[in-house]
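This is a predicted model, so every value here is computed, not measured. Convention: sequence-line order gives letters A, B, ...; per-chain numbering from 1.
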Amino acid sequence: MASASSQPQFRYTQPPSKVLHLRNLPWECTEEELIELGKPFGKVVNTKCNVGANHNQAFIEFADLNQAIAMISYYASSSEPAQVRGKTVYLQYSNRQEIVNNKTTADVAGNVLLVTIEGQDARLVSIDVLHLVFSAFGFVHKITTFEKTAGFQALVQFSDAETATSAKNALDGRIIPRYLLSENIAPCTLRITYSAHTDLSVKFQSHRSRDYTNPYLPVAPSAIDGSSQFSLGLDGKKLEPESNVLLASIENMQYAVTLDVLQMVFSAFGHVQKIAMFDKNGGVQALIQYPDVRTAVVAKEALEGHCIYDGGFCKLHISYSRHTDLSIKVNNDRSRDYTIPNPTMVNSQPVQTMGPAAHQYNGTQYAPGLEQPMMPPQPSAGWASAVPAPPQSMPVQMTNHHPYMPPAPMPQMTPGMMQMQGQSGVSPPAGIVPPYRPSQM
DNA sequence: AGCACA
């Protein structure tokens with residue numbers, strides 16, 4: 001075979017092509033100038049400017065081969081050379097048959113977004129914070145995070161391109177709301193393009209990747225034993241490995257926090273299997289067990305630092321427990337196993353009460369049964385404004401729609417609650433326990 | 001003046 005490809009390409013024996021290769025162009029030649037040059041000979045359907053080491057080459061692609069031939073033929077016999085800005089340009093058939101535009105993927109709308117987190121502390125942004133941010137626009141199927149030369153990046157998968165587009169339009173160029181991050185970390189700006197991916201492959205739930213459509217996906221070993229990689233917390237400290245069991249300590253407990261109150265608060269994020277309360281360091285702590293890590297992660301994100309009651313009372317501090325399955329010996333006012341049939345329980349309506357009620361959040365077009373209780377139903381309200389929504393806006397749903405919104409003071413009151421208040425000698429203002437409302441101090 | 005690097 002004659003090896004045409006091994007020959008120098010600047011013989012004038014290029015086979016015809018719809019694509020012409022132009023050289024000796026002036027610096028920064030524009031697409032418009034190329035179209036002007038080719039227009040007399042046919043329809044220019046594509047161009048590529050600023051090619052080559054000196055950016056002085058370009059391609060133009062005609063709709064039809066004959067148009068390209070016409071242009072080459074014309075200038076082959078013309079006394080006037082082809083010119084751009086008075087500079088002679090040289091034409092020949094390209095050795096390719098079409099222009100491939102490499103700026104496609106980032107411009108074609110898809111259901112997966114490529115998110116670059118910019119900022120000094122970008123790496124400290126947890127996948128859970130990203131999940132919260134993007135869940136405001138619809139159900140987030142999957143998230144993966146990774147390091148590239150571009151920095152800390154994430155792929156965020158939505159159901160469809162429309163949802164992804166609404167998130168992209170609202171978030172691109174914006175900062176992650178301050179109230180989602182601890183105070184001492186630098187602002188993080190989101191840069192968002194479309195990804196060419198349509199379905200991410202997530203093998204494990206881990207600190208780097210999540211599949212929110214599959215709660216039974218195994219948790220990565222590295223996320224369980226914590227021996228290999230800790231994820232960095234928002235404050236830059238090491239995080240304990242995620243767990244399905246949360247350890248909650250209650251600060252400034254002016255009002256009694258009973259087992260039932262805890263069960264209500266934590267049930268907003270999923271089924272609470274077991275709770276155990278105990279005294280430690282002069283305060284009250286509780287272990288709350290969920291069926292899966294994912295639910296616990298969401299609950300922790302949502303509740304950490306928030307107060308059960310208005311006024312900074314009963315502030316929750318939540319960490320992951322090393323337990324995975326609590327051993328509840330007896331059901332009483334300090335410990336309870338909600339997974340076993342409980343005809344003998346004193347207050348035996350809790351879980352069933354919460355189930356349906358917990359799903360009454362309006363605007364919940366997210367997948368049923370998944371844990372989005374705290375996503376703003378009207379994301380545009382929070383994101384369209386230049387100023388990030390105030391802290392209260394994120395959990396505001398819990399204020400408005402949380403099942404524990406008593407029409408009358410102190411509903412679901414338990415004997416234990418009464419007693420503890422009596423013992424403590426602290427009377428709530430006006431004798432009323434404020435409604436449960438997570439709020440930051 | 002001589003073929004694109006996503």
Side-chain angles (χ1 to χ4, degrees), chain A residues 2-38 41-65 67-116 144 146-157 161 164 168 172 191-201:
Chain A
S3 56
S5 61
S6 65
Q7 292 182 351
Q9 295 184 329
F10 31 85
R11 294 283 168 83
Y12 51 95
T13 53
Q14 308 290 349
S17 165
K18 307 200 295 303
V19 182
L20 302 184
H21 176 225
L22 316 201
R23 348 185 272 274
N24 200 38
L25 286 159
W27 175 248
E28 299 269 294
C29 175
T30 66
E31 178 175 31
E32 286 71 31
E33 289 170 313
L34 296 178
I35 293 174
E36 282 301 310
L37 191 65
F41 305 96
K43 180 174 172 55
V44 177
V45 295
N46 206 350
T47 65
K48 187 167 183 64
C49 310
N50 305 325
V51 167
N54 298 322
H55 282 209
N56 58 357
Q57 301 173 48
F59 300 91
I60 63 179
E61 178 178 339
F62 284 100
D64 190 83
L65 176 63
Q67 298 165 354
I69 293 173
M71 187 169 182
I72 292 291
S73 303
Y74 175 84
Y75 285 113
S77 57
S78 170
S79 55
E80 291 289 318
Q83 292 186 331
V84 171
R85 294 181 218 168
K87 194 172 181 204
T88 296
V89 304
Y90 302 89
L91 319 173
Q92 67 189 143
Y93 298 114
S94 172
N95 55 22
R96 302 199 199 180
Q97 294 303 306
E98 61 183 4
I99 292 176
V100 319
N101 267 4
N102 44 10
K103 55 179 176 183
T104 51
T105 56
D107 298 329
V108 176
N111 65 318
V112 177
L113 298 177
L114 172 62
V115 180
T116 304
T144 62
F146 48 91
E147 291 273 350
K148 277 287 183 60
T149 50
F152 184 56
Q153 294 188 304
L155 290 163
V156 180
Q157 178 175 342
K168 177 177 182 292
D172 187 20
R191 301 289 174 194
I192 305 178
T193 61
Y194 294 106
S195 164
H197 290 93
T198 57
D199 190 22
L200 304 175
S201 170

Exercise for review: Looking at every strand, decide which applies to A:Ile99 at a 4.0 Å heavy-atom threshold: base, sugar-phosphate, or nothing.
Suggested key: base

Check your understanding: If you look at every strand shown and take non-hydrogen atoms under 4.0 Å, does A:Glu98 touch a base, only sugar-phosphate, or nothing?
Key ->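 A:Glu98: base contact, heavy atoms under 4.0 Å.
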
Can you tell me the distance, in whole Å, between the [atom1] atom of [X] and the [atom2] atom of [N]?
X: A:Asn56; N: B:dC3; atom1: CG; atom2: P; value: 10 Å
X: A:Gln57; N: B:dC3; atom1: CD; atom2: P; value: 5 Å
X: A:Gln97; N: B:dA4; atom1: CD; atom2: P; value: 16 Å
X: A:Leu25; N: B:dA4; atom1: CG; atom2: P; value: 15 Å
X: A:Phe59; N: B:dG2; atom1: CZ; atom2: P; value: 12 Å
X: A:Tyr93; N: B:dA4; atom1: OH; atom2: P; value: 20 Å
X: A:Asn54; N: B:dA4; atom1: CG; atom2: P; value: 13 Å
X: A:Leu91; N: B:dG2; atom1: CG; atom2: C1'; value: 13 Å

Review point. Does the pair A:Glu98/A:Lys18 count as a salt bridge with the N-to-O cut at 4.0 Å?
Key: no

**Study point:** Those residues that, when tested against A:Arg96, pass salt bridge (charged side-chain N to carboxylate O under 4.0 Å, His left out) (two or more places apart)
**Key:** none

**Study point:** A:Tyr75: partners by ring-ring contact (aromatic ring centres under 6.0 Å, His included), with sequence neighbours left out
**Key:** A:Phe41

Check your understanding: Are there more than 12 heavy atoms of other residues, nucleotides or ligands under 6.0 Å from atom NZ of A:Lys87?
Key -> yes

Review point. Ring stacking, A:Tyr90 with base of B:dG2, under 5.5 Å and under 30°?
Key: no

